[in-house]
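Shown next, in structure tokens, is the structure this report addresses.
Scope of the values below: all heavy atoms of this structure, side chains included, with no hydrogens, waters or symmetry mates.
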Amino acid sequence: MAETTTAEKGSSAAKRRTLLGAVFLMATSAIGPGFITQTTEFTIQLGAAFAFAILVSILVDIAVQLNVWRVIGVSGMRAQDLGNKVVPGLGYVMAALVVFGGLVFNVGNIAGTSLGLDALIGLDAKIGGTLSAVIAIGIFLSKKAGVAMDRIVVVLGVVMILLTAFVAFSSAPPVGQALVQAVWPSEVDFLAITTLIGGTVGGYITYAGAHRLVDAGVTGPERIVDVSRSSVVSLLVTGVMRLVLFLAILGVVAGGVALTSANPTAEAFQHVAGEFGMRLFGMILWAASITSVVGAAYTSVSFLVTFSPKLERSRNWLVVGFVAISAAVFLLLDKAPTTLLVLAGALNGLILPVGFGVLMFVAAKRRDLLGGYRYPRWLLIVGVVAWLLTVYLGYNALGGIAALWK
């Protein structure tokens with residue numbers, strides 16, 4: 001009996017670790033260099049009214065992720081496999097778009113790690129980017145890569161939130177004004193809302209946590225409670241980070257400081273805590289970037305491995321190659337490739353309505369792929385409404401592609 005109890009305790013602990021890892025993998029994948037830049041820029045532009053955009057984007061993101069995680073979790077199949085079941089060949093198209101977008105954005109993530117280490121310890125950009133790539137590769141070369149990844153994204157995710165919360169508290173933001181603006185905004189900026197949604201559940205980020213649960217075997221109708229709870233918590237973690245960063249910048253802006261440098265986030269942190277604030281910013285940026293490197297590599301490769309048993313057996317080496325190629329491009333170009341980032345961002349905007357549309361079709365019409373599970377009608381309606389919004393986002397993303405031809 002004691003042996004059974006011990007085994008059950010071990011299994012329960014492993015389950016909690018996997019669920020927590022999936023939550024933070026999705027959350028930290030969303031919290032990257034772009035996340036920090038967007039939040040800062042919109043706070044400077046909108047002030048306290050940006051609270052409304054944050055609230056609306058979180059609600060829409062939850063609607064999307066509740067459906068994505070549930071369909072993938074109940075079916076036990078990754079998004080690209082469901083795509084091929086719905087329309088033969090569609091899964092390959094989805095995989096190509098996600099992998100391309102993930103690879104290009106990973107160059108930007110590695111650039112973010114180099115900037116973070118520069119601000120933190122004054123390390124040369126190329127050395128910092130290379131060192132960060134080596135750390136990411138080391139995670140996936142470990143014997144227990146999944147466990148290592150789960151632990152690291154959780155630890156760094158918590159560190160980011162705590163450090164940013166410290167700066168937010170120190171900047172003394174007008175919290176009451178932000179609360180009022182969250183429900184009764186003086187200005188509504190739809191561009192801000194759509195940008196936040198696309199940056200939080202666009203491209204590979206949409207599937208990061210759900211694919212982690214599939215890989216860990218946390219699937220089936222009997223795991224719906226765990227899957228649904230994890231999907232909501234992942235967005236709340238992202239939302240908390242967005243909120244504390246918003247409050248940190250708002251406190252500085254509301255105090256009359258004009259953030260006009262090329263790096264306004266670093267400028268704000270330095271204003272609050274001097275040289276120490278700059279070091280804090282470096283640590284936060286590095287943590288945000290390295291976890292995004294891990295999330296992008298892991299999730300992008302998860303779109304490839306189901307197409308061949310040989311690819312599945314070489315999963316960790318594919319991830320290592322993915323990170324290595326991203327680092328090589330960064331070193332060769334010495335910066336993130338701007339044109340490719342625009343294209344990748346536009347393609348991510350297109351893959352969101354396509355991939356999400358496939359999952360909603362499965363929820364509505366393919367109970368056979370869900371093991372006969374009856375999908376909740378209320379969740380289906382919420383999902384369809386959210387899907388229509390992603391179509392709008394995808395339409396806007398076409399402008400990014402058109403801009404490349406000008």
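At least one side-chain heavy atom of Ile135 sits under 4.5 Å from a side-chain heavy atom of Trp286. Looking only at side-chain heavy atoms (C-beta outward), Thr206 and Leu352 come within less than 4.5 Å of each other. At a threshold of 4.5 Å between non-hydrogen side-chain atoms, the residues Phe42 and Ile54 do not count as touching. You'll find the side chain of Asp61 reaches within 4.5 Å of the side chain of Ile197, heavy atoms only. Counting heavy atoms from C-beta on, the side chains of Leu259 and Ile249 come closer than 4.5 Å. Counting only heavy atoms from C-beta outward, the side chains of Ile44 and Thr40 approach each other to under 4.5 Å. Annotation: side chain of Leu250 is in contact with side chain of Pro174 (closest heavy-atom distance under 4.5 Å). No side-chain heavy atom of Trp69 sits under 4.5 Å from any side-chain heavy atom of Val232.
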Please evaluate residues Arg242 and Thr200 with respect to the criterion side chain to side chain donor-acceptor pair (under 3.5 Å), reporting the C-alpha separation (whole Å), side-chain torsions for both, the decisive distance (0.1 Å), and the verdict. CA-CA 10 Å; Arg242 179 92 69 184; Thr200 309; 3.1 Å; yes
Determine whether Leu163 and Phe269 satisfy the following criterion, side-chain contact (heavy atoms from CB on, under 4.5 Å), listing intermediate values before the conclusion. CA-CA 11 Å; Leu163 292 180; Phe269 278 47; over 6 Å; no
Walk me through whether Val167 and Leu247 qualify under side-chain contact (heavy atoms from CB on, under 4.5 Å). CA-CA 9 Å; Val167 177; Leu247 290 175; over 6 Å; no
Does the side chain to side chain donor-acceptor pair (under 3.5 Å) test come out yes or no for Asp81 and Asn84, once each step is laid out? CA-CA 5 Å; Asp81 297 324; Asn84 279 337; 5.1 Å; no
Kindly determine whether Val71 and Tyr375 satisfy side-chain contact (heavy atoms from CB on, under 4.5 Å), including the steps that lead there. CA-CA 9 Å; Val71 172; Tyr375 208 79; 3.7 Å; yes
Start with the C-alpha distance between Trp387 and Asn67, add both sets of side-chain angles, then the distance that settles side-chain contact (heavy atoms from CB on, under 4.5 Å), and finish with yes or no. CA-CA 10 Å; Trp387 175 75; Asn67 281 282; over 6 Å; no
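Here the CZ atom belonging to Phe24 is positioned 15.0 Å from the CZ atom belonging to Arg151, to the nearest 0.5 angstrom. The line from CG of Leu131 to CG of Asp124 is 11.5 Å long, rounded to the nearest 0.5 Å. Note that CE of Met241 and CZ of Phe246 are 14.0 Å apart. Values are rounded to the nearest 0.5 Å. Distance CG/Leu141 to CG/Asn316: 7.5 Å, rounded to 0.5 Å. In this structure, the separation between CE on Met283 and CG on Leu117 is 9.0 Å, given to the nearest 0.5 Å. The OG atom of Ser234 sits 10.0 Å away from the CG atom of Leu25 when rounded to the nearest 0.5 Å.
Without hydrogens or angle criteria, Thr306 side chain to Ser302 main chain gives no donor-acceptor distance under 3.5 Å. Remark: the backbone N or O of Ala111 is paired with a side-chain donor or acceptor of Ser114 at under 3.5 angstrom. Checked by atom type and distance alone, the side chain of Arg223 never pairs as donor or acceptor with a backbone atom of Val74 at under 3.5 Å. Checking side-chain atoms of Ser300 against main-chain N and O of Ala297 turns up no donor-acceptor pair under 3.5 Å. Of the possible polar contacts, none joining the Gln181 side chain to the Phe50 backbone as a donor-acceptor pair under 3.5 Å is found. No donor-acceptor distance shorter than 3.5 angstrom exists from the side chain of Asp150 to the backbone of Thr18, with no hydrogens or angles considered.
For Phe303, the ring-ring contact (aromatic ring centres under 6.0 Å, His included) criterion is met by Tyr207, His211, not counting sequence neighbours. Under the rule for a ring-ring contact (aromatic ring centres under 6.0 Å, His included), Phe361 has no partner lying at least two apart in sequence or in another chain.
Of all non-hydrogen atoms in Thr299 and Gly295, the two that sit nearest each other are OG1-O, 2.8 Å. Val272 approaches Ser171 most closely through the heavy-atom pair CG2-CB, 3.8 Å. For the pair Gly21 and Val153, the tightest heavy-atom approach, listed with the atom from each and the gap, is O-CG2, 4.0 Å. Across all their heavy atoms, Pro376 and Arg70 have their closest contact at CG-NH1, 3.3 Å. Residue Leu304 comes nearest to Gln80 through the heavy atom pair N-NE2, 4.3 Å, listed as atom of the first residue, atom of the second, then distance. Scanning all heavy atoms of the two residues, the minimum distance from Glu267 to Ala258 falls at OE2-O, 3.5 Å.
Screening Val240, Ile62, Leu59 for a side-chain contact (heavy atoms from CB on, under 4.5 Å) with Leu235, the sole residue that qualifies is Ile62. Under the side-chain contact (heavy atoms from CB on, under 4.5 Å) rule, Leu156 has a single partner from Val294, Thr291, Ile284, Thr28, which is Thr291.
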